[in-house]
Amino acid sequence: MRASEFLISTKKESPADAEIVSHKLMLRAGMIRKLASGLYTWLPMGLIVLRKLEAIIRQEMNKLGAQEVLMPIMQPSNLWEESGRWGRYGPELLRIQDRHERSFCLGPTHEEVITDLMRSEIHSYKQLPLIFYQIQTKFRDEIRPRFGVMRSREFIMKDAYSFHESEENLNQTYQLIHKAYTNILKKIGLDFRAVIADTGSIGGNGSHEFHVLAESGEDSIAFSNESDFAANVEMTEAVTLNQRNDMQEQKLEEIKTEGLCSVDEISEYLDVDKSNVIKTLIVLGNPKKISNNHKSKKDHVPLVALALRGDHEINIIKAEKISVVMSPLTFASKDIIKAQLGCDIGSLGPLELDIPLIVDRSANQSTNFICGANKNGFHLTGVNWRRDCNISKVEDIRNVIQGDLSPDGKGVLDIKRGIEVGHIFQLGTKYSESMSCMALSKEGAQQPIFMGCYGIGVSRIVAAAIEQNNDENGIKWPAELAPFQIALIPINIHKSEKVRNYCEKIYKQLTSNGFDVLFMDREKTRLGGMLADIELIGLPHRLVLGEKGVDRDVIEYRGRDSSSNQDIPLAELNQFLTKKLNH
Ligand code: ATP
Ligand code: MG
């Protein structure tokens with residue numbers, strides 16, 4: 001490609017709202033431009049990368065025997081009503097009406113559409129298994145679009161759906177797709193982990209997420225230092241050893257703590273470890289599940305108290321699974337707490353509450369702890385669960401932390417940030433039952449088809465690849481994704497006929513040998529500017545040629561990873577690059 005015929009639109013600065021490095025570099029390197037919140041145009045430089053990634057994904061999917069389809073972005077509401085998701089999906093689902101006032105949505109995912117298609121195409125188990133995929137635009141009205149294409153409202157996903165006569169067969173395909181996703185991420189050289197995941201609103205049994213490890217990741221993932229256990233922190237069980245506790249119970253005492261509210265303030269004031277301070281969180285309760293003796297007074301909102309150690313954080317997914325807790329987990333407002341429990345949030349404690357009290361498993365092992373006195377300006381010391389509190393249930397409701405025991409009993413947990421780039425689910429018969437997608441079984445009965453669904457975020461992977469591959473000068477593309485492999489940079493092309501002719505010759509020779517070259521043939525572009533642009537754009541290899549080089553018959557080579565140049569005799573250039581690029 002000639003730079004004179006290609007939009008290279010680099011910038012020195014990125015806008016203030018670009019928080020993470022990939023977002024900044026994608027804007028600065030001229031890969032994307034913002035249209036509105038969460039909506040981006042892919043410029044030619046970015047689109048080449050996106051298409052290269054799509055090709056890698058297509059290749060892996062086709063290898064599995066998956067067939068490509070393309071479904072509409074606009075989907076009729078009646079299918080979503082059939083699956084039960086029209087009401088459940090929430091405001092991320094963008095609902096629209098056509099000119100006849102019929103309801104539609106912009107597809108955030110395509111389970112409904114593919115199930116509708118398959119119920120008229122599949123009649124018998126003999127047609128199964130089948131795998132379909134598409135690479136297509138999705139729309140989700142994200143509450144907080146951010147980080148550029150990492151969390152945008154419109155984005156490209158490869159979504160796949162599989163159909164089976166049995167659960168075992170679904171499981172086999174699930175493993176194959178797990179392998180295909182592993183191959184895709186390995187091929188582009190990313191450091192990633194496949195982790196056990198929550199099935200969220202889609203439901204079903206088996207599920208894994210693929211996370212690219214990066215500090216800017218929005219998820220925390222936990223892995224064992226001794227085994228291959230890896231799971232989203234949301235999903236990782238906090239293991240507590242049953243310790244024998246011979247500690248003598250202290251006397252319960254009330255102390256004045258005027259103006260001190262947080263765990264940090266209390267532990268500092270009393271000079272005790274945060275683990276010995278118990279914090280009490282008040283959440284809304286599930287009115288259908290709160291038993292009679294805990295039913296609050298008539299006009300009271302049902303509440304539930306969750307007690308954790310001061311050094312631990314609540315795990316929302318675990319807490320939501322407790323029947324008396326309302327899902328989604330909702331913290332009670334400070335006004336409700338004041339009105340019903342009589343104190344401010346910073347003075348709450350687990351004693352003498354007339355609402356269900358759920359104690360975290362690790363917190364349950366604390367003795368002689370400190371907590372709020374349910375009275376503003378006071379805390380209690382020397383508190384003990386069994387003597388002083390009325391526990392309804394002990395449950396695992398906290399996030400695991402670094403150094404916790406691994407749930408598989410091997411080693412301890414390490415915790416890192418991850419960017420979720422892929423998610424695979426075994427849906428079972430969730431959609432085929434609600435939408436009546438049936439096939440004749442071997443035994444001659446109509447049975448719901450087993451389904452799996454598999455998503456990989458194409459645009460998000462481009463950003464995640466940059467998060468893992470950059471330096472202070474710009475992007476450092478993995479070879480498989482680089483928009484071009486080689487930059488050919490002439491010095492003073494507008495002044496020297498000799499340089500122009502020579503570079504033209506090299507460009508033709510390299511491209512005809514199949515190299516992917518960006519020829520910086522623009523008139524009057526300063527060498528320094530061109531070199532900076534090529535580093536920012538992140539091309540893996542660059543060649544620089546000036547009059548001196550032409551006279552000496554050598555061209556200057558530098559890899560993006562290196563800080564020194566190498567003179568290559570022009571006659572050997574082809575051979576040198578073939579070796580360098582593993583061509
Ligand atoms: P997240 O937790 O990040 O919101 P999700 O669980 O909603 O992701 P899935 O429904 O599993 O995502 O979608 C499959 C893949 O699509 C994700 O793994 C991710 O790579 C990509 N994806 C999801 N939401 C977005 C978004 N708003 N912008 C870009 N990519 C996205
Ligand atoms: Mg989401």
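It should be emphasised that the depicted structure is a prediction, and the values quoted were computed from it without experimental measurement. Order of listing sets the numbers, starting from 1, for every ligand and every atom in it.
- Ionic pairing of E313 and K279 is present here: one or more N-O contacts between side-chain nitrogen and carboxylate oxygen are shorter than 4.0 angstrom.
- Using a 4.0 Å heavy-atom cutoff, G422 is listed among the residues neighbouring ligand 1.
- Near S152, meaning under 4.0 Å from any of its heavy atoms, are these atoms of ligand 1: 26 (C), 27 (N), 28 (N).
- Annotation: Y454 is not in aromatic contact with F210 [ring centroid separation under 6.0 Å not met].
- At most 12 non-hydrogen atoms from other residues, nucleotides or ligands lie less than 6.0 angstrom from CD1 of I143.
- Under the 4.0 Å criterion applied to side-chain N and carboxylate O atoms, R85 and E112 are assigned as salt-bridge partners.
- Judged by the shortest distance from any of its heavy atoms, V149 lies inside the 4.0 Å radius around the atoms of ligand 1.
- Side-chain contact of R460 with S152: a donor-acceptor pair under 3.5 Å is absent, judged by distance alone.
- Contact annotation for R151 and ligand 1: heavy atoms of both the backbone and the side chain come within less than 4.0 Å of the ligand.
- By the 4.0 Å heavy-atom criterion, E209 is excluded from the residues contacting ligand 1.
- Across K158, H423, M157, R146, heavy-atom proximity to atom 13 (O) of ligand 1 is greatest for M157.
- For CD of E215, the number of neighbouring non-hydrogen atoms (other residues, nucleotides, ligands) closer than 6.0 Å is 12 at most.
- A heavy-atom separation below 4.0 Å is not found between T109 and ligand 1.
- R153 has no carboxylate O lying under 4.0 Å from a charged side-chain N of E92, or vice versa, which leaves the two without a salt bridge.
- Between V421 and ligand 1, at least one pair of N/O atoms sits closer than 3.5 Å.
- Heavy atoms from other residues, nucleotides or ligands lying under 6.0 Å from CG of D228 number 12 at most.
- For R140, every heavy-atom contact with ligand 1 shorter than 4.0 Å involves the side chain, none the backbone.
- Residue-ligand proximity, M150 to ligand 1, at heavy-atom distances under 4.0 Å covers atoms 28 (N), 29 (C), 30 (N).
- Taking only non-hydrogen atoms, the option from G148, G455, G457 nearest to atom 21 (C) of ligand 1 is G457.
- Both the backbone and the side chain of E420 come within 4.0 Å of ligand 1, counting heavy atoms alone.
- Here F104 contributes atom CZ and W80 contributes atom CH2; the two are 14.0 Å apart, rounded to the nearest 0.5 Å.
- Below 3.5 Å of separation, one finds an N or O of E142 facing an N or O of ligand 1.
- For ligand 1, the polar-atom distance check against S459 finds no nitrogen or oxygen pair separated by under 3.5 Å.
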